[in-house]
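When a residue number appears, it is its place in the shown sequence, counting from 1.
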Amino acid sequence: MQTTTFLHDDKELLVRVVKDCQKSKLQGTQGSWKDYLKAQTPALSKSDPSTHSLKTLAAFMATLSRPQAGMLVGPHREHQLHQRQRNEFAARLSQTNASDSGQDAIWPMVQQTLCHPRFPENYNFPSFQPGWTQMSSSSLDTASRPCLLSLDCEMCETATSSRELIGLSVVNEAGSTVLKMLVKPAGKVLNYRTEVTGATDATMQGVLYTKRDAQEAMQKLMQGSVVLVGHALHNDLHALQLDPTAVIDTALLCSYKYANLVQIQSCGQFGMLLLCTSAFSACQSYLVAVSVP
């Protein structure tokens, strides 16, 4: 039986953990979560973990074995730490004076992305789930100018996902391609979306790189103080299952009034790179004047 002590701040964590128990139909010494509720609080019919107290959630967790609880809680603890680091980074960023460090508008653009009303919804990734990679904020130096990398991912439709990673490309500020990789999709492909991705059975023949290979390649590129740039970048990151801390999302920063500056042009595979390379200069010039409510 697990006897881990949970604090008041762990309520949200425990809600996610118990929901995982429900999905996986995991049982403790008193059965499933529903079985436990029926035995302990028969008058309560709601099984939604978010409607129950921290005490009730923790008591159910105590019925699980130590290996079971560790397997469930561990990833969520890491995610909790990642979120805390992101909040600390945002606080540190708010105290940064761009004019003193000669960093142009980069860190202010990161801050405006983090503070945008749609950021929490778009970038609240389930990176506690298996297959995700979380990027630490420890190497981000807000006192100096960071490196900028533009990421674009291509996705196809498979039997299990409507946005399965099939390729990615990364360019630097000079517009030079520093990474271009085709990725073998997981699951049976239903639609390559060739008109957008440029991918076909022929182009994908012999591709052996996996999503994990792509994540590792990105980790190597992002060593040091690096900011990722993209348009609606959360879609690319979700497909790649990568959760970084510092991003600039031009879809959140550039209003439709100036959309002609960073229009998306269809240029076959990885066509979005045109948007990202132009955004490096366009957004820096117009960020002060342009905002999206």
Can you tell me how far apart [atom1] ([X]) and [atom2] ([Y]) are? Round to the nearest 0.5 Å.
X    : Y    : atom1 : atom2 : result
S50  : E12  : OG    : CD    : 10.5 Å
Y209 : L182 : OH    : CG    : 10.0 Å
K11  : K55  : NZ    : NZ    : 14.0 Å
I248 : S150 : CD1   : OG    : 10.5 Å
E195 : T197 : CD    : OG1   : 7.0 Å
D213 : M181 : CG    : CE    : 6.5 Å

- All side chain to side chain contact (heavy atoms under 4.5 Å, CB included) counterparts of S139, not counting sequence neighbours: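 Residues passing side chain to side chain contact (heavy atoms under 4.5 Å, CB included) with S139: none at all.
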- Message: Holding to side chain to side chain contact (heavy atoms under 4.5 Å, CB included), I want the full list of residues that pass it with R84, two or more places apart in sequence or in another chain.
- Response: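 Checked R84 against side chain to side chain contact (heavy atoms under 4.5 Å, CB included); matches are Q80, L81, E88.
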Consider only side-chain heavy atoms of I, L, V, M, F, W and Y, link residues closer than 4.5 Å, and tell whether [X] and [Y] are in one cluster.
X    : Y    : value
V227 : L114 : yes
V183 : V178 : yes
M71  : F128 : no
M155 : V207 : no

Between [X] and [Y], is there a donor-acceptor pair closer than 3.5 Å when you use the side chain of the first and the backbone of the second?
X    : Y    : answer
T113 : M109 : yes
S24  : D20  : yes
S136 : S138 : yes
Q40  : L37  : no
W33  : S47  : yes
Y123 : H234 : yes
D249 : A232 : yes
Q215 : Q241 : yes
D10  : L13  : no
S161 : T158 : no

- Task: Considering only NZ, NE, NH1 and NH2 on the basic side and carboxylate oxygens on the acidic side, decide whether R163 and E157 come within less than 4.0 Å.
- Result: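 So R163 does not pair with E157 through a salt bridge.
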- Carboxylate-amine/guanidinium contact E216 K220, below 4.0 Å: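 The answer is no: the pair does not qualify as a salt bridge.
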Taking every non-hydrogen atom, the tightest pair across [X] and [Y]:
X    : Y    : answer
T56  : Y36  : O-CE2, 4.0 Å
Y192 : A199 : CB-O, 3.4 Å
P75  : G70  : CD-O, 4.2 Å
E173 : P146 : OE2-O, 4.4 Å
K180 : T177 : CB-CG2, 4.0 Å
T245 : F89  : CG2-CD2, 3.4 Å

- Query: Step by step, would you call H116 with N122 a side chain to side chain donor-acceptor pair (under 3.5 Å)?
  - Reply: CA-CA 10 Å; H116 194 279; N122 291 352; over 6 Å; no
- Query: In terms of heavy-atom contacts, does CZ of F119 have more than 12 from other residues, nucleotides or ligands at under 6.0 Å?
  - Reply: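 Yes, CZ of F119 has more than 12 neighbouring heavy atoms, counting only those of other groups under 6.0 Å.
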- More than 12 heavy atoms of other residues, nucleotides or ligands under 6.0 Å from CD of Q129: is that the case?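 It does: Q129 CD has more than 12 such atoms within range.
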[X] versus [Y]: any side-chain heavy-atom pair under 4.5 Å?
X    : Y    : answer
L221 : V226 : no
H82  : Q134 : yes
T133 : M218 : no
L149 : V229 : no
L148 : I106 : yes
M135 : D243 : no
L168 : D152 : no
F6   : M61  : yes

- Item | Short side-chain donor-acceptor distance under 3.5 Å, S144 and D141 |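 Side chains of D141 and S144: pair found under 3.5 Å.
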- Message: Taking ring-ring contact (aromatic ring centres under 6.0 Å, His included) as the definition, give me every residue that meets it alongside H238, ordered by chain and number, with sequence neighbours left out.
- Response: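 Testing H238 for ring-ring contact (aromatic ring centres under 6.0 Å, His included), a comparison that skips the adjacent residues, returns W132.
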- Message: List the residues meeting side chain to side chain donor-acceptor pair (under 3.5 Å) with D35, not counting sequence neighbours, and say none if there are none.
- Response: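 Partners of D35 by the side chain to side chain donor-acceptor pair (under 3.5 Å) criterion, ordered by chain and then number, come out as S32.
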- Query: Among all residues two or more places apart in sequence or in another chain, which pass the side chain to side chain donor-acceptor pair (under 3.5 Å) test with Q22?
  - Reply: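 With sequence neighbours excluded, Q22 shows a side chain to side chain donor-acceptor pair (under 3.5 Å) to no residue whatsoever.
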- Task: Might you work through the side-chain contact (heavy atoms from CB on, under 4.5 Å) test for M222 and L242, ending with a clear yes or no?
- Result: CA-CA 12 Å; M222 294 181 66; L242 186 71; 4.3 Å; yes
- Apply the test side-chain contact (heavy atoms from CB on, under 4.5 Å) to residues L26 and Q68: give CA-CA distance (whole Å), side-chain angles for both, the deciding distance (0.1 Å), then the verdict. CA-CA 9 Å; L26 196 63; Q68 285 177 322; 3.4 Å; yes
- Kindly determine whether L233 and L228 satisfy side-chain contact (heavy atoms from CB on, under 4.5 Å), including the steps that lead there. CA-CA 9 Å; L233 185 60; L228 282 184; 4.0 Å; yes
- In sequence, state the C-alpha distance, the side-chain angles, and the governing distance for L64 and T29, and then conclude on side-chain contact (heavy atoms from CB on, under 4.5 Å). CA-CA 6 Å; L64 302 178; T29 56; over 6 Å; no
- Query: Can you list every salt bridge (charged side-chain N to carboxylate O under 4.0 Å, His left out) pair that touches residues 182-194, not counting sequence neighbours?
  - Reply: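 For residues 182-194, and leaving out neighbouring residues, there are no salt bridge (charged side-chain N to carboxylate O under 4.0 Å, His left out) pairs at all.
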